[in-house]
Amino acid sequence: MFGPNSILDIGRSGLFAAQAAISVTGENIANVSTEGYSRRTVRFDEAFNIDSMPGQVGTGVWAGEIQRHFDQYVETQYYDQATMRDRWDTLYSQLQGTESLFNESQGFGLSSSLSGFFDNWENLTQRPEDAGSRSQVIEGAQTLVSTLHQTDSDLSLMQQKADTAISQGVSDVNDLLKQIADLNTQIKTHDVPGSNNANQLYDQRGMLVRNLAKLVDINYIDKGSGNITITTKAGQTLLDNEQFFNISYDGPQATNALMAGSKFDGAVYFQGNDNLEYTLEVVSNAGTNLMVSNTGVAAQFRVSTDGGNTWLKNADGTDKLFYARPEDNMIQVGNLKVWFGKSTDEAATPVNAFTKGDRFNIVPKKALYWNQNTSTKEIISPVTSLTGVDNPARLTGGSLAALFNFKDDYVGRYREKLDAIATTLAWEVNRRHSQGVGLEKLTDVQGTYSVVDDTRALASGSSGLIYGSKLTSGSANVYIYNTATGQLVSGAALDFDSFAAGQQNFDPATVTLSGVSAAFNNSFGTFLTASVVNHKLSIQAKSGYNFAFGTDTTGVVAALGLNTFFDGSNCRDIAVNTKITTNQANLATGHVNGGEEGNQGDPTTATAIAGLRDTKVNMTTIREGTVSQSVVKYYDSLVGAVGADTARVKFNFQYKETLASDLNDRQQSISGVNLDEEMSSLIKYQHAYTAAAKLITTADQMLQTLLSMKP
Amino acid sequence: MFRVSQNQLYAQFLSGMGTSLSSLTELNLQAQTQKRVNKPSDDPTATARILDHRDTLHAFGQFQTNLDTAKGWLGQSDSTLMQVSTIVTRAKELAEQAATGTMSADNRQQISYEARQLFDQLLELGNTRYEGKSVYAGQKTDQNAFREVLWMTTNDPAITSQNSFKIDGFSKQTTLVEFTDKAGVAAPGALVNMSNCNVRYSIDGGRSFLNDGSVTVDPSGHVILALPQSGASVTFDHDSQVKANKISDPGDATGSWLWLRPSAVYQGDDADAIKVSAMGTGTQLIKAQASGAFPGNTLVRIDSSGTMAQPIDYSYSLDNGMSWVTGNRVAADSTASNAMLNVAGGGVLTLTSNGSNTLAAGSQFLIRPRTAAITLQVNVSETVQINDVGKNIFGGIYQDPDKVASNGGARLSLTSSNAAAVFSTNSWNFTASNGGIVSRNLFETMGNLVAFLETNTQSGVQQCLDSLRSAQQQVLTSTASVGGRENRLNITANILQNLTLNENERISADEDIDVGELMTKLSQQQVVYQAVLKSSSMIMQMSLMQYL
């Protein structure tokens, strides 16, 4: 039935519809710069028609639904690219800071300190007795040492900052998960798809999920009706509708992964920390019980640093095997000291045997864990294998993965290489210096390297002597002089077994620190006294005598820190031996020659140390095994590696950035607000409003006309 | 139709401006530092190369200073030896003059004053120092190379061959000593025990003799000749026989005469011998000797157990045991009674049995040569010796270092049993017939010349002349060696210069920018930046609202 009332109704519905459209357009205009806002449009439905004369008649319009323009498919693709982009972005900005530490372009830095160090020794060969040249060598060495300290501590500081950022990131992730879960609850309450779309809540949730993707890599599963599940790419569930899980950043720990049926009642314990995760696997030791013990028949295990893909190898390619020892005989594995104890008591020895294949995981650093519940957790820290492939069972994207990579794989590797430089430099210089003679002969000398136990063989893994693995068999020559006349009194090689006839050589696998002390006393007891003080060797000449060291084919003089140039063995504790800084005359430049003299003009030892610049030496790191290169070239290649890493990360970042921003553009083109469009919509709806208002006016006039018909 | 949102537009403007501005900044940095590589990531492989080259330049710079120091040393040595040669020529002139029969005793005495001055001058030249270090003392650069002492020449070879002497005290005048029979019955030239002799000596060249000398035997059997007014005394190791002189005629030469005259003891280093010591089980029953030119301490290690007749596997190390050259083998030889192990670049180690001919694996032999050379590195694999062993140039007396070192730490006084004249011992034994004292030993010869001039012994002066000719040859040979080294340094200096230039070019090729290319890029980038700014601002300003 037509009539002014129905026209009024139609007009009124048009008005309301136009109003709704204008307010939605206004909303779009107001939110043009709001991040995460997707534009909305009103869907108009024609109101139902009524059967009437002359046919079905319409009753106006309804604003049916406020639609949100958003492409979830593009968004999911964007998460994948954005997470990688943010990973490379974070990594790049961190690496830029690291790169500046190694920036030698101005000519100052570790490279010039190293060159200067060798220059000074070469200079010393011209005038070995000159005080000026000597103090130049000592000062140059101290500059080198402090540069090493500084670089290492700067890198360490960067790791600590990354650490803080990780903690922050972890709490951000947990926070976001909670917020998303809350939103999900609200969406469930408010969202009625098709009529009451909770658009703003969806937008908010979209923002939060984007923020989450920045931090970790996610798999976003939309189950419809507003239900979502978010898991990591590796499969751990982070969020399932309103239920969410936590991730945590926990300290070092070790876990067992025993074979089924293994009766082993112990656990692995460790001391020290490292940036790598260690996996120990018991290998069968044919013919013995697989027990933890102090003897030679203990079980043996091999070690992997990438979760079991590759195992540490000896120089000849066979697996490197270690003994399973109890606490008092803990063994050096990589950068850790490892032992096996009972599950409840780390000092007690386990009584049951291993089963071949039992594995133990040691995480000697803080790592990321996914907490399934209060008692079960799974490690998800990013791990890159030694071949450079990301482990897909762990976190692979987002800035959290980047920070872990930075801390462990990049800076961890640089620090390890710097340590290799410090360790090798100290050893090689000391090895040559310890066989030389300074301007004055020695009256007393204190060893600078200590052992853990005076009665353990020096070359065994448990003696605690840092350079114990470098010892070989042979002997060391010592020469005794009369202080007053300067003439030789006695000169011979140390006899390490006074019971057997003749002079016996040093056997690194059996001789202990006490044995070395006894060898000195037995061979030269009339002229000097050797004793073990604080687990270090100390030698005092008796009154009227002084002594000098000669050719040492074993390395024991350098390994114990007697007559050495450097003290310490890594970037943090390397220093110039105080015996040399307090008395320049102890800087050894010469040697005891065939005429039994150590002459001041003799530059033999100085020449040998200066020659280290070009000599190939063995540099060992866990990640890269042993390489044979000169120290200077090794450092140069480290700088090159830093540069290459930074350049590669930058390239990856730029590449992913392009992909991500392309997807973002596509999303924007669907859901972004265009002011020109909104302006024209505004005009359109304004006209519609005006027209609808006109309709009401018309209906009103019609009614007026109708009402004014009766006289 | 592609829909563009507001955010998209502005994001695009910002990224466009940012990108071109950062390119501009990068080029600006390059223009500022004139380097293409400003941080390692700009070109990682070039960075490693650049650092490498820089280190090589450091090394070359060091070689250059080494070379300059070497030039200083060798230049000093060169001019010193030239002066030595001049002095020897003058000494030859004096000797020629004094050798003629027309010279009287007074004439010879006048010449002797100049001869002694020449001797002193030679001693000073032998003790030349450069930068306060002795040039001719081997590695003992803190001591003088030579020290003046009194030594002895005698016309009775039996005295020096059957006995040994020690001279205490000092004098600047040759003392002539003669023995006379205490009993007074022996004929001139007859053999008498020293303990049964009286001694008379002259401190004025034989004009007058003093009788206040005495011959005493001390409790340990040493025979001591006390010569109070000469400033010296002679101690013989044991009693031996001497020829008695004519009591009435001091000029009679049938008896034993001793001339106590100046000479020089070499206090420096030598490189003449090689010591071998052994380390390991059973090595005390093996005798080891080495010969050759070992550059420094060398180790030889036996790798297979067995006797000397079986094949022997061994390794050697030239760097004190830090690296070994393995895989050397001596073939089985059942006929030889010793084993000879060859060390490449060094020499030969000979092992003989001294109670056992079994070699155990793991035993090591340390070959320790005496070293005297100071060598500086002047190029990558080039070294030059900057000093010399003085006794090989000037001669003199040298005390055996092995004997000095085996005296248990006490000083060993200089006697003829532990010291010898360099080159030969002829210089102590003077016979009237030719060939007695002729030798290349410069100091001994000059000492003899002074002795014979001061004691008016014409035939001695003649023989000294022959010795002086040989000695001068010795000096000239050494001068040539120094000169040869100096020439080598000049060539090396040139090479070093070229190498340094080369390195600098290599660094520049990797590191420096091409200014022309940079300027072009800079202006190009500037245009790009301007274009971005212009287009962005143009689009930014347009909007529908301007037209509504």
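Lettering follows sequence order; numbering is per chain, from 1. All values reported here derive from a predicted model rather than from experimental measurement.
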Student: B:Ser41 and side chain to side chain donor-acceptor pair (under 3.5 Å): which partner among A:Arg648, A:Gln96, A:Glu99?
Tutor: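 Only one of A:Arg648, A:Gln96, A:Glu99 forms a side chain to side chain donor-acceptor pair (under 3.5 Å) with B:Ser41, namely A:Glu99.
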Student: Of the listed residues (B:Lys275, B:Gln364, B:Glu511, B:Met279), which shares the most heavy-atom pairs with chain A below a 4.5 Å separation?
Tutor: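 Counting heavy-atom pairs under 4.5 Å, the top option is B:Met279.
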Student: Heavy-atom distances under 4.5 Å only: say whether A:Tyr92 touches chain B with side chain, backbone, both or neither.
Tutor: neither
Student: Under the 3.5 angstrom rule, does the side chain of A:Asn103 hit a backbone N or O of B:Asn38 as a donor-acceptor pair?
Tutor: yes
Student: What part of A:Glu129 lies closer than 4.5 angstrom to a heavy atom of chain B: side chain, backbone, both or neither?
Tutor: side chain
Student: When rounded to the nearest 0.5 angstrom, what is the spacing between CD in A:Gln126 and CH2 in B:Trp73?
Tutor: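 It is 10.5 Å, given to the nearest 0.5 Å.
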Student: With a 4.5 angstrom heavy-atom cut-off, is it the side chain or the backbone of B:Ala405 that approaches chain A, or both, or neither?
Tutor: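 Both backbone and side chain of B:Ala405 come within 4.5 Å of chain A.
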Student: Is there a side-chain contact between B:Ile50 and A:Glu104 (heavy atoms, below 4.5 Å)?
Tutor: no
Student: Which residue out of B:Asp319, B:Thr47, B:Asn66, B:Leu376 racks up the most heavy-atom pairs below 4.5 Å with chain A?
Tutor: B:Asn66
Student: Taking side chain as C-beta onward, heavy atoms only, is B:Gln139 less than 4.5 Å from A:Pro603?
Tutor: yes
Student: Quick check for you: among B:Ala373, B:Gly321, B:Gly282, B:Gly280, which has the greatest number of heavy-atom pairs under 4.5 Å with chain A?
Tutor: B:Gly280
Student: So does B:Arg370 pair up with A:Glu597, basic N to acidic O under 4.0 Å?
Tutor: no
Student: Can you name the side-chain hydrogen bond (donor to acceptor under 3.5 Å, both in side chains) partners of A:Thr604, sequence neighbours left out?
Tutor: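 Expected list: A:His591, A:Asp602.
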Student: Would you say that A:Asn674 contacts B:Arg3 through its side chain, given a criterion of any heavy-atom pair below 4.5 Å between the two side chains?
Tutor: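 Side chain of A:Asn674 against side chain of B:Arg3, heavy atoms only: contact under 4.5 Å found.
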Student: So do the side chains of B:Met322 and A:Lys470 get within less than 4.5 Å of each other, counting heavy atoms only?
Tutor: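 Not touching, per the 4.5 Å side-chain cut-off.
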Student: What residue among A:Ser115, A:Ser630, A:Ser112, A:Ser111 forms side chain to side chain contact (heavy atoms under 4.5 Å, CB included) with B:Asp55?
Tutor: A:Ser115
Student: Measure B:Ala410 against the heavy atoms of chain A and call it side chain, backbone, both or neither at under 4.5 Å.
Tutor: backbone
Student: Looking at chain B, which one of A:Asn599, A:Thr615, A:Asn482 has the largest number of heavy-atom pairs inside 4.5 Å, strictly under?
Tutor: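 So the answer, after comparing A:Asn599, A:Thr615, A:Asn482, is A:Asn599.
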Student: Chain B heavy atoms under 4.5 Å from A:Val592: which part of the residue, side chain, backbone, both or neither?
Tutor: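 Contact with chain B involves both backbone and side-chain atoms of A:Val592.
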Student: Say you draw a straight line from CD of A:Glu678 to OG of B:Ser5; how long is it, rounded to the nearest 0.5 Å?
Tutor: 11.0 Å
Student: Side chains of A:Asp552 and B:Asn320: donor-acceptor distance under 3.5 Å anywhere?
Tutor: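 There is no such pair (donor and acceptor under 3.5 Å, judged by atom type) between the side chains of A:Asp552 and B:Asn320.
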Student: Of the backbone (N, CA, C, O) and the side chain (C-beta and beyond), which part of B:Ser543 lies under 4.5 Å from a heavy atom of chain A, both, or neither?
Tutor: both
Student: Looking at chain A, which one of B:Val404, B:Ile374, B:Ile367, B:Asp52 has the largest number of heavy-atom pairs inside 4.5 Å, strictly under?
Tutor: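 Answer, by heavy-atom pair count under 4.5 Å with chain A: B:Asp52.
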Student: Under a 4.5 Å heavy-atom cut-off, does chain B meet the side chain of A:Ala644, its backbone, both or neither?
Tutor: both
Student: Donor-acceptor check, side chain of A:Asp676 to backbone of B:Leu544, threshold 3.5 angstrom: yes or no?
Tutor: yes
Student: Counting heavy-atom pairs closer than 4.5 Å to chain B, which one of A:Val639, A:Val489, A:Val649, A:Asp636 comes out on top?
Tutor: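 Heavy-atom pairs under 4.5 Å are most numerous for A:Asp636.
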Student: If you take all heavy atoms of B:Pro44 and A:Gly643, which pair is closest and at what distance?
Tutor: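 Shortest heavy-atom separation between B:Pro44 and A:Gly643 comes out as CG-C, 3.5 Å.
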Student: Less than 4.5 Å to any heavy atom of chain B: does that hold for the side chain of A:Ile683, its backbone, both, or neither?
Tutor: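 Just its side chain gets close to chain B.
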Student: Could you give the distance from CG (B:Asn7) to CG (A:Asp665), rounded to the nearest 0.5 Å?
Tutor: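 Between atom CG of B:Asn7 and atom CG of A:Asp665 there are 10.5 Å.
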Student: Between B:Thr375, B:Leu366, B:Asn407, which has the largest tally of heavy atom pairs under 4.5 Å with chain A?
Tutor: B:Leu366
Student: For A:Gln600 and B:Thr141, does a side-chain donor sit closer than 3.5 Å to a side-chain acceptor?
Tutor: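 Present: a donor and an acceptor within the cut-off.
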Student: Non-hydrogen atoms of chain B under 4.5 Å away: do they reach the side chain of A:Ala484, the backbone, both or neither?
Tutor: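 Answer is backbone: N, CA, C or O of A:Ala484 sit under 4.5 Å from chain B.
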Student: Out of A:Val642, A:Val617, A:Asn477, return the one with the most heavy atom pairs under 4.5 angstrom to chain B.
Tutor: A:Asn477
Student: Considering only heavy atoms, which portion of B:Gln12 lies under 4.5 Å from any heavy atom of chain A: side chain, backbone, both, or neither?
Tutor: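 Answer is neither: B:Gln12 stays 4.5 Å or more from chain A.
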Student: Within a strict 4.5 Å, meaning less than it, do heavy atoms of the B:Met545 and A:Leu675 side chains meet?
Tutor: yes
Student: Would you call B:Leu299 and A:Thr551 a side-chain contact if the rule is heavy atoms closer than 4.5 Å?
Tutor: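 Yes, at least one pair of side-chain atoms sits under 4.5 Å.
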Student: Would you say that B:Gln284 contacts A:Gln503 through its side chain, given a criterion of any heavy-atom pair below 4.5 Å between the two side chains?
Tutor: no
Student: Do you know which of B:Ser323, B:Ser15, B:Ala59 has the most heavy-atom pairs with chain A at a distance under 4.5 angstrom?
Tutor: B:Ala59
Student: For residues 111-124 of chain A, which residue pairs pass the salt bridge (charged side-chain N to carboxylate O under 4.0 Å, His left out) check, not counting sequence neighbours?
Tutor: A:Asp119-A:Arg613
Student: Quick one: what part of B:Lys35 sits under 4.5 Å from any heavy atom of chain A, side chain, backbone, both or neither?
Tutor: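 For B:Lys35, side-chain heavy atoms alone lie under 4.5 Å from chain A.
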Student: Which one, A:Leu638, A:Thr607, A:Leu488, A:Asp495, leads in non-hydrogen pairs under 4.5 Å with chain B?
Tutor: A:Leu488
Student: Given a strict heavy-atom distance threshold of 4.5 Å, which part of A:Val673 is in contact with chain B: side chain, backbone, both, or neither?
Tutor: backbone
Student: Judged by modelled atom types alone, do A:Asn123 and B:Gln62 share a side-chain donor-acceptor pair under 3.5 Å?
Tutor: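 Side chains of A:Asn123 and B:Gln62: pair found under 3.5 Å.
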Student: If you count heavy-atom pairs within less than 4.5 Å of chain B, which of A:Ser33, A:Gly640, A:Gly594 leads?
Tutor: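 Most heavy-atom pairs within the cutoff with chain B belong to A:Gly594.
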Student: Can you tell me if B:Gln546 has over 12 outside heavy atoms packed within less than 6.0 Å of its CD?
Tutor: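 Result for CD/B:Gln546: enclosed.
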Student: May I ask you to test the B:Val4-A:Ser669 pair for a side-chain heavy-atom distance under 4.5 Å?
Tutor: no
Student: Where on B:Arg54 is there a heavy atom nearer than 4.5 Å to chain A: the side chain, the backbone, both, or neither?
Tutor: side chain
Student: Which one, A:Ser475, A:Ala493, A:Gly590, A:Ser100, leads in non-hydrogen pairs under 4.5 Å with chain B?
Tutor: A:Ser475
Student: Under a 4.5 Å heavy-atom cut-off, does chain A meet the side chain of B:Asp269, its backbone, both or neither?
Tutor: side chain
Student: Considering only heavy atoms, which portion of B:Lys133 lies under 4.5 Å from any heavy atom of chain A: side chain, backbone, both, or neither?
Tutor: side chain
